[in-house]
Amino acid sequence: MKIQTFTGGVFGENGYLAICEDSNVCVAVDPGACAADMAGEIQTTGLELQAVLLTHAHLDHIEGVSDIRAISPDVPIWLHPEDLGLYHDVAQHAAMFGLQVLSQPEPTNELEPGERYDFGACSFDIRFAPGHAPGHVMFVSVKDGLALVGDVVFQGSIGRTDLPGGDLRTLMKSIREEVLTLPDEIVLYTGHGPHTTVGHERVGNPFLVPHFGGNLA
Ligand SMILES: [Zn+2]
Ligand SMILES: [Zn+2]
């Protein structure tokens, strides 16, 4: 599996193309402000787009869904049902930030935690990791040594929990049970900022390390 990163917008959101190199089948994960570039990449390289997968429905992670649909009008859009409310309210949330984001095409499929999502010869395990958003999921491939974790954890930080549906205790539980249970060498592709590894965050993330007052003893 190859991961290509597309970063942009006022929030510096990372959208990702996850590509099965054996089959040229790909999925678009969290198409945000740079989704038009993502769509251009799909078209110029002749990749076969199988789906849009969303870690959660905050505006910066979904504002480019329509750009992906523009090149692939029937491509399925996968979201955990607990985040449908956020998805539908995107225009109001954008207004809170003084931004304008149009309503996006309706999600077509429900992500089921514990299930596997296959594309080409690749697959993701769907892990439920609420706290930053009520229906937040992560896409994990231990075989490929990587996870797309959205806004659960970042290099040296964790997702904010002050937005509607956020909860700090729930987020810390998600990190403890769904991130820190992964092998140290797993690369974490995050929703904002550079990628990192489980091992790096386990020992160095001030929100997670007891020495710095983090609550994951
Ligand atoms: Zn978010
Ligand atoms: Zn975000």
Side-chain angles (χ1 to χ4, degrees), residues 1-18 29-35 37-38 53-64 80 83 86 93 96-97 99 113 124-142 144-217:
M1 191 189 309
K2 187 172 106 181
I3 303 293
Q4 263 184 283
T5 309
F6 298 83
T7 306
V10 291
F11 299 100
E13 188 265 351
N14 294 324
Y16 295 103
L17 273 184
V29 180
D30 290 358
C34 286
D37 296 340
M38 211 186 253
L53 305 182
L54 302 172
T55 60
H56 66 298
H58 284 149
L59 67 101
D60 48 331
H61 295 253
I62 68 166
E63 64 180 317
H80 189 284
D83 258 28
L86 283 174
H93 292 152
M96 279 166 45
F97 291 97
L99 301 170
F124 282 132
D125 293 320
I126 300 162
R127 288 196 177 208
F128 191 45
H132 171 73
H136 201 303
V137 301
M138 306 186 300
F139 304 110
V140 179
S141 173
V142 172
D144 291 290
L146 62 89
L148 277 56
V149 298
D151 290 356
V152 172
V153 65
F154 306 112
Q155 187 190 85
S157 189
I158 59 173
R160 60 190 286 182
T161 53
D162 58 319
L163 297 171
D167 182 73
L168 180 59
R169 284 180 64 87
T170 305
L171 178 66
M172 296 309 274
K173 184 171 186 282
S174 293
I175 294 172
R176 191 165 55 238
E177 294 179 359
E178 303 296 340
V179 178
L180 296 179
T181 51
L182 293 167
D184 277 349
E185 63 273 17
I186 296 284
V187 176
L188 303 175
Y189 290 93
T190 61
H192 305 267
H195 56 262
T196 182
T197 65
V198 172
H200 185 91
E201 298 316 307
R202 195 193 305 282
V203 299
N205 188 318
F207 291 91
L208 309 182
V209 175
H211 179 72
F212 295 109
N215 34 3
L216 283 191

- Message: Test side-chain contact (heavy atoms from CB on, under 4.5 Å) on Leu188 and Val198; report intermediate values, then the result.
- Response: CA-CA 7 Å; Leu188 303 175; Val198 172; 3.8 Å; yes
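- Taking every heavy atom of both residues into account, Gly191 and Phe154 meet most closely at N-CE2, 4.0 Å.
- Residues Pro130 and Pro134 come closest through the heavy atom pair CB-O, 3.5 Å.
- Side chains of Thr161 and Asp167: a donor-acceptor N/O pair is absent below 3.5 angstrom, by distance only.
- Residues satisfying the side chain to side chain contact (heavy atoms under 4.5 Å, CB included) criterion with Ala35, sequence neighbours excluded, are Pro31, Asp67, Ile68.
- Residues Asp30 and Thr55 have side chains that bring a donor and an acceptor to within less than 3.5 angstrom of each other.
- Considering all non-hydrogen atoms of both residues, Gly156 and Pro206 come closest at O-CD, 3.6 Å.
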- Item | Chi angles and distances behind the side-chain contact (heavy atoms from CB on, under 4.5 Å) call for Ile158, Leu208 | CA-CA 9 Å; Ile158 59 173; Leu208 309 182; 4.1 Å; yes
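- If you take CG on Leu168 and NZ on Lys173, they are separated by 14.0 Å, rounding to the nearest 0.5 Å.
- Taking OG of Ser141 as the start and CD1 of Ile186 as the end, the distance is 7.5 Å to the nearest 0.5 Å.
- In this view, Ala129 and Met138, Val152, Ser174 satisfy the side chain to side chain contact (heavy atoms under 4.5 Å, CB included) rule, not counting sequence neighbours.
- Between Leu86 and Ala133, the closest heavy-atom pair is CD1-CB, 4.0 Å.
- Side-chain contact between Leu54 and His80: absent, with no pair of heavy atoms (C-beta onward) separated by less than 4.5 Å.
- Distance check, rounded to the nearest 0.5 Å: NE2 of His58 to CG of Leu163 gives 4.5 Å.
- The main-chain N or O of Arg160 is found under 3.5 Å from a side-chain atom of His132 such that the two form a donor-acceptor pair.
- Distance check, rounded to the nearest 0.5 Å: CD of Glu13 to OG1 of Thr7 gives 8.0 Å.
- Of all heavy-atom pairs spanning Thr181 and Arg176, the tightest one is CG2-O, 3.6 Å.
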- Message: Checking His192 against His61 for the ring-ring contact (aromatic ring centres under 6.0 Å, His included) test, could you report, in this order, the C-alpha distance in whole Å, the side-chain angles of both residues, the deciding distance, and whether it holds?
- Response: CA-CA 10 Å; His192 305 267; His61 295 253; 5.4 Å; yes
- Message: If you apply the rule side-chain contact (heavy atoms from CB on, under 4.5 Å), what do you find for Leu53 with Phe124, and how did you get there?
- Response: CA-CA 11 Å; Leu53 305 182; Phe124 282 132; 4.1 Å; yes
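- Rounded to the nearest 0.5 Å, atoms CD1 (Ile3) and CG (Leu146) are 5.0 Å apart.
- In terms of heavy atoms, Ala147 sits closest to Val140 at CB-CG2, 3.9 Å.
- Expressed to the nearest 0.5 Å, how far CG of Leu99 lies from CZ of Phe11 amounts to 5.5 Å.
- Between Val10 and Phe97, every side-chain heavy-atom pair lies at or beyond the 4.5 Å cut-off.
- Ring-plane geometry between His56 and His136 is classed as parallel, the angle between the planes falling under 30 degrees on a 0 to 90 degree scale with a further cut at 60.
- Judged by distance alone, with hydrogens and angles left aside, the side-chain atoms of Asn14 form a donor-acceptor pair with the main-chain N or O of Thr190 at under 3.5 Å.
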- Message: Using side-chain contact (heavy atoms from CB on, under 4.5 Å), reason through Arg127 and Leu182 one step at a time and then give a plain yes or no.
- Response: CA-CA 11 Å; Arg127 288 196 177 208; Leu182 293 167; 3.5 Å; yes
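- When side chains are defined from C-beta on, Arg169 does not count as touching Met172, because their heavy atoms never get closer than 4.5 Å.
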